[in-house]
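Notes for the one structure printed next.
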Amino acid sequence: MILLRWITITLFFVLVATLSIHSLNSINQDIGRHFKSGEIIWETKSVYKTNLFSFTEPDHPFINHHWLSEVVFFLLNGLIGLKGLIIFKAALIVAAFFLIFAGIRKFTGIIPFLIAGIFGILVFSSRTDVRPEIFSYLFLSCFLFAIFRAKYSNEIKWLYALPIVQIFWTNMHIYFALGPGLLFFFLIDRLVHSPTPIPAKSQRASLFTLFTKMPFVIFILTSLATLINPNFIRGALAPLTILRNYGYSIVENQSIFFLTDYGIHLRDIYFFELSLIVLILSFVVAFRNHKKVVFEFLMAVAFMILAGKMIRNLGVYALVFVPIVVSNLSTIKPARISGLAITRDYYFSKLTMPILIGFIVLFGWLIKSTTNNNLHQWLGTPKKFGLGIPDGAASAVRFVQENRIAGPVFNNFDVGNFLIWKLPEEKVFVDGRPEAYSVDFFEKIYKPMQEDPTLWQKYSEKYKINYVFFAHTDMTPWARTFLAYISQNKIWPLIYLDNSTAIFIKRTPGNRELIKKFEINQAP
């Protein structure tokens, strides 16, 4: 029986790994900029604080809250390559789920973990790209592991490591604010569920005693650890201030309500809504059994709000969802049939075997579907199992390099990061960091010049644009308007087109030979 349980658990982690090992479809997105940024930081031994990669707003202040992740990505890419990074990412995600399992396994059974785990991985499946946030998943799980061990197993020793973990987390991803937040919820839980009643006349003294104990000291040290970053207080406050000057909206920053109102139906939202039902039912069980769940309740409310406000937060929500549901379901009391107590041993001996065999069959089907790419399609993602590295805009970049096309270049938001990586000698017009540009840049220059031909002429002359490097998969209204206009503009003939990228070049004497050789006639 024990062997069968561990086989089932192993299959669960195999499923997590299988869902995490998929083609690097985000090759045109942030990863390229991370490589180049990490290279610069590694070579200069300093973290830049302005918009280093653009010629439009080169002096705009920029807080690089994930600089250490970029250094790690740069070094690993040199050692193991892109395919190795996919495996590395999958290993971190498996480690994150394993830490959660290790933190709660002492007070729960296998079946509650599998129930919560399946819902958790379905919600999590959309957040498995190679990005700095993968480090947040690992660090968040470290905090959950330590806190659940402290709360339910009285193993306070694990909390000692959290301030050190926080230092790394602060410099690797902006989710680092979650660490002190979780510890604060834990302190409230200890205050509410104090092992000894607090007399009214000595309440102040008792609170002082409680908050001078080690968990409070760990909370203070962990909070102070957020100051250990290249930007000190401004860096520590970045999670609270980054969206104040965010001039460009991206899908992953939208709420589930916004996307639903606009008719965007993602399976991520569907799985999230299902998980909310499971989460609420688990609290019904916990409340009925008088479980002390202040920490779990505060955490559930906070992460539900985070996930509801931005779908990019579904990953961290999924990770906290699992231990909360498992903890709540662990309060289910033995039932009675015909006056006989149905004990835990009865469940394991009589019911667990067929349930676990069913799970094994289910996991086998899921893994087979995943390796055949059917499951990823069912999950509504373009990801395919394996270590595939799409070409992205690489062919278009080679065209530019082979024909020695010089800038300045006008590129769109979607492809800027790739150009920073593959065309480092050319400063970009814009890249995928809204926080690195002013709101006015996006609202008064970038978007209007794509929507209005007059403004395009004005700003293309102001910035002396020589060619346009455009990811035509960009579905924004201004991008569609721009492509419709410029494809009919005789001053900007199309000289390159593939399944992701279009290149237009200004009709000048210096470009005459290129146009003569490569111009693609557009349909009238």
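Given the structure is predicted, the values throughout are model-derived calculations rather than measurements.
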Dump the intermediate steps for salt bridge (charged side-chain N to carboxylate O under 4.0 Å, His left out) on D391 and R398, then the final yes or no.
-> CA-CA 11 Å; D391 191 54; R398 285 194 294 270; 3.7 Å; yes

For a ring-ring contact (aromatic ring centres under 6.0 Å, His included) with F35, tell me which candidate from F418, W421, F74, W42 qualifies.
-> W421

Is a side-chain donor or acceptor of E57 paired with a backbone partner of S438 at a separation under 3.5 angstrom?
-> yes

Pairing of E513 and K516 as salt bridge, 4.0 angstrom limit = no

Give a yes/no verdict on a cation-pi contact between R433 and F62, requiring under 6.0 Å between NZ or CZ and the six-membered ring centre and an angle within 45° of the axis.
-> yes

Parallel under 30°, tilted from 30 to 60°, perpendicular over 60°: which one fits the rings of Y317 and F272?
-> perpendicular

Mutual orientation of the aromatic rings belonging to F429 and Y463 [parallel < 30°, tilted 30-60°, perpendicular > 60°] = perpendicular

Quick one: pull up CG in L19 and CG in L122 and give me the separation to the nearest 0.5 Å.
-> 8.0 Å

F469/F504 aromatic ring centres below 6.0 Å | no

Under 3.5 Å donor-acceptor, K89 side chain and T128 backbone | yes

Would you please indicate yes or no on a ring centroid separation below 6.0 angstrom for F470 and H472?
-> no

Charged N to carboxylate O under 4.0 angstrom, R480 versus E451?
-> no

Give the ring-plane orientation class for Y248 versus F442, where under 30° counts as parallel, over 60° as perpendicular and anything between as tilted.
-> tilted

Check the angle between the aromatic planes of F113 and F12 and answer parallel, tilted or perpendicular using the 30° and 60° thresholds.
-> perpendicular

Residue pair F303 / N313, side-chain heavy-atom distance below 4.5 Å | no

Distance flag, aromatic centroids of Y496 and F518, threshold under 6.0 Å | no

